[in-house]
Amino acid sequence: MNGFKTFLQNLRELPQTVRYSLIRHGTPSSDRARSQAVFSNFFLHIQATRVHKHTLKFATTLGLGIIAMAMFLILCISGVLLMVYYKPATDQAYDSLKDIIFVVPTGRMMRNIHRWAAHGMVLVVLLHMARVFFTGSYKGPRQFNWALGMVLLILTLALSFTGYLLPWDQLAYWAITIGANIAQSPREITDALGITEQFDPGGMQKTLLLGASSVGQEALIRFYVLHVAVLPVALLLALGVHFWRIRKDGGLARPDDVNEKLGADRREHGREIFPALQQADAKPTRTYGLMAMVRGKSPAVDRGPEHTVPAWPNLFYAEMAVAMFSTAVIVALAYFLDAPLKERANPSVPENPAKAPWYFLGLQEMVSYSAFMGGVGIPSIVVIGLGLIPYLDREERPNDVGVWFGGPEGRKVCLLSLLFSVLSCVAILAFTVKYGWLRNWIPSISQLWITAFNPGTLFVGLYAAWSLLILKRTNSTRMAALALFTCFIVSFFILTYFATFLRGPNWDFYWSQSDWPVH
Amino acid sequence: MSIPNEGRFAKPVERRDFLGLAALGSFCLTSAAAILGSLKLPMPSVLPEADSRIKIGPPDRFAPGSATNFPERSLWVHRDGSGIYAISAICTHLGCVTKREKDGSFHCPCHGSKFAADGTVTGGPAPKGLEYLKVSRLPSGELVVDLQKKVPAQERLAV
Ligand code: HEM
Ligand code: FES
């Protein structure tokens, strides 16, 4: 009888007990309770309970990291929905896309969302990287997060590259054919040395990527698996570490004098500020131990809690606003602009011109002089160079971290570098358009020369020299890094523009698309 | 209380270090072996291509001085004074299909590589000439081209 009673009572209290097992506190109505909630929730605790006011300023981040995250979430959701109808088979993929566009309810909209969010994510991740660089936020203790950022950048690009094949239209087929052959381009060197028979890393890479000697069913299924499973999971994992590192590195980078600049903190250093530290009247938590272990410049350790505000609501509302804004932009784009779909893939007639997506067009321009240097050599140099920035520039300048363009001196270096790189980049491109490149001058020249002396090689050499000059003049590695990075961003932009708008059929130069020959 | 005879205490620690290192090392070794072993799977040992040998008909189908196109296979079969040769129209730069111009030369639409009628590079980023493919004769007299079998440039089948 007693057991029955208990059971009835449990049944009656079911809503409360279930709710309590999910959320261990009531609706948090004070700063303290909200901080506790942030701390004890798996999804919220990836963020600190309090954030510095500097972090919340729009000019600190431009919201770019959160926009990138929002794009990724939009891509995951729209991507899973597209998977419901998409069929990764060479004889069905194109038709399933037509179905998605013309038959599936909201299919066209969902595909547009997926496409524009993919482009948006690449753009925003690049901008985010630039903002982190120009605010000097890669400096210790954040070196690792910058290097991890390079991994995120590569994963983002790999996701969009693998997604590009899936529609199985002409653009997809030929862009991936070109991409796979870039993977094979180390053969340029092994062929020239006559050792391809024994040692063929290029051929291995291509076979691994395509599972065959040309783009076909094997390649489609491989790209599909990478695109919907391997790469998203890898990106999500890396993102988890990225966010976790932000916490462990003491929140976002901020200028040394930010607290003085903000003036005296009106808030009292009381129980309100560090609820988790006030052990006396709180339920015992292990917070104290955790916080004490956080190394580096966390507000709790060596700066004091001045000028911090609770993450809930200040940070969360800002994040939600940014996420809503991103979604609205993508939905609007998707409503007004249809993602292109060309004719069905035809392995015997290439698209002319066969252009990769915009973010690879700078590469494609370099590849049009020699495949290995333009497609493998220079990208590797750039990625390794970018990744090593925080390890090579460890200078601690006053008023650098958290300050855009490293202050007045840095601004001057950036402007000079902008000028230098625009002039040199445009000059070199104009020169190659007018006078051609090595083989136009010496038709019998050895392939090794052509491979080594890509105009891209010239860029790398010039910019490295420029950066060393700045290093010599300013005695500052940060200034040299600013010079180099500015040159990189500028030439990336110019090459992309050049290949997008000024290259036409046969990769010839045209001032405008209306001059393209009709055929 | 001071710790007597440090040396004696140091040894067990060393041994523990050794065991720890051995454990870690064997873990890393097995993991590496497992990963490398798994990576063998995506590397195909047989390429899933259809039969790469195609029949192209009897030799007299190709008039001296002619060039015949097999568009599905991106293949051009030429005949000149010294014999028959087959060249692949696939650009040696990054794999686009080149187009044969009126003068017999080949132009690639992707990055502007140019090849002479006999396949040698004359311009653009292509690292080498168009591939020559193996042409052979069946007992019946019919010609066969093997798309997978490359032969040295300028090799011809005498007819
Ligand atoms: C998948 C792409 C990425 C996402 C979703 C992402 C997300 C974020 C977010 C939300 C933040 C917080 C601050 C902010 O919003 O700016 C952040 C900070 C940071 N990110 Fe990323 N990120 C990505 C890629 C990258 C890349 C490519 C780099 C650089 C190579 C990078 C380096 C950093 C660094 C160093 C910080 C700390 C900045 C500071 O302390 O001010 N991240 N990231
Ligand atoms: S693929 Fe022919 S020139 Fe690039």
*Atom pair OG (A/Ser348) and CG (B/Leu75), whose distance is rounded to the nearest 0.5 Å*: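 If I round to the nearest 0.5 Å, the distance is 12.0 Å.
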
_Straight-line distance of A/Asn352 CG to B/His107 NE2, nearest 0.5 Å_ =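 Reported value, rounded in 0.5 Å steps: 12.5 Å.
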
Atom group of [X] that falls short of 4.5 Å from chain B, counting heavy atoms:
{"X": "A/Arg222", "answer": "side chain"}
{"X": "A/Val367", "answer": "both"}
{"X": "A/Thr177", "answer": "both"}
{"X": "A/Asp191", "answer": "side chain"}
{"X": "A/Ser185", "answer": "neither"}
{"X": "A/Gln364", "answer": "both"}

*Contact leader toward chain B among A/Asn454, A/Leu208, A/Ile182, where contacts are heavy-atom pairs under 4.5 Å*: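 Highest number of heavy-atom pairs under 4.5 Å: A/Leu208.
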
Looking at [X], I want to see if its [atom1] is surrounded by more than 12 non-hydrogen atoms of other residues, nucleotides or ligands under 6.0 Å.
{"X": "A/Glu197", "atom1": "CD", "answer": "no"}
{"X": "A/Phe453", "atom1": "CZ", "answer": "no"}
{"X": "A/Lys342", "atom1": "NZ", "answer": "no"}
{"X": "B/Arg53", "atom1": "CZ", "answer": "no"}
{"X": "A/Trp449", "atom1": "CH2", "answer": "no"}
{"X": "A/Trp441", "atom1": "CH2", "answer": "yes"}
{"X": "A/Phe199", "atom1": "CZ", "answer": "no"}

Report yes if the side chains of [X] and [Y] come closer than 4.5 Å at any heavy-atom pair, otherwise no.
{"X": "B/Lys128", "Y": "A/Glu188", "result": "no"}
{"X": "B/Pro125", "Y": "A/Ile450", "result": "no"}
{"X": "A/Thr207", "Y": "B/Leu47", "result": "yes"}

*asked:* Can you tell me which of B/Thr122, B/Leu39, B/Thr120, B/Val97 forms the most heavy-atom pairs within a distance under 4.5 Å of chain A?
replied: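 Counting heavy-atom pairs under 4.5 Å, the top option is B/Val97.
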
*Partner chain A: residue of B/Cys110, B/Ser74, B/Cys91 with the largest heavy-atom pair count (under 4.5 Å)*: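 If we count pairs closer than 4.5 Å to chain A, B/Cys110 comes out on top.
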
*Is the backbone N or O of B/Val121 less than 3.5 Å from a side-chain atom of A/Arg439, with the two atoms forming a donor-acceptor pair by type?*
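Checked: no pair found.
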
*Looking only at atom types and distance, does a side-chain atom of B/His93 sit under 3.5 Å from a main-chain N or O of A/Asn181, one as donor and one as acceptor?*
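Judged by distance alone, no pair lies under 3.5 Å.
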
*asked:* If I measure from the heavy atoms of chain A, does B/Pro71 come under 4.5 Å with its side chain, its backbone, both, or neither?
replied: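 Only the backbone of B/Pro71 comes within 4.5 Å of chain A.
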
*Side chain, backbone, both or neither: which part of B/Cys96 has a heavy atom under 4.5 Å from chain A?*
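Both backbone and side chain.
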
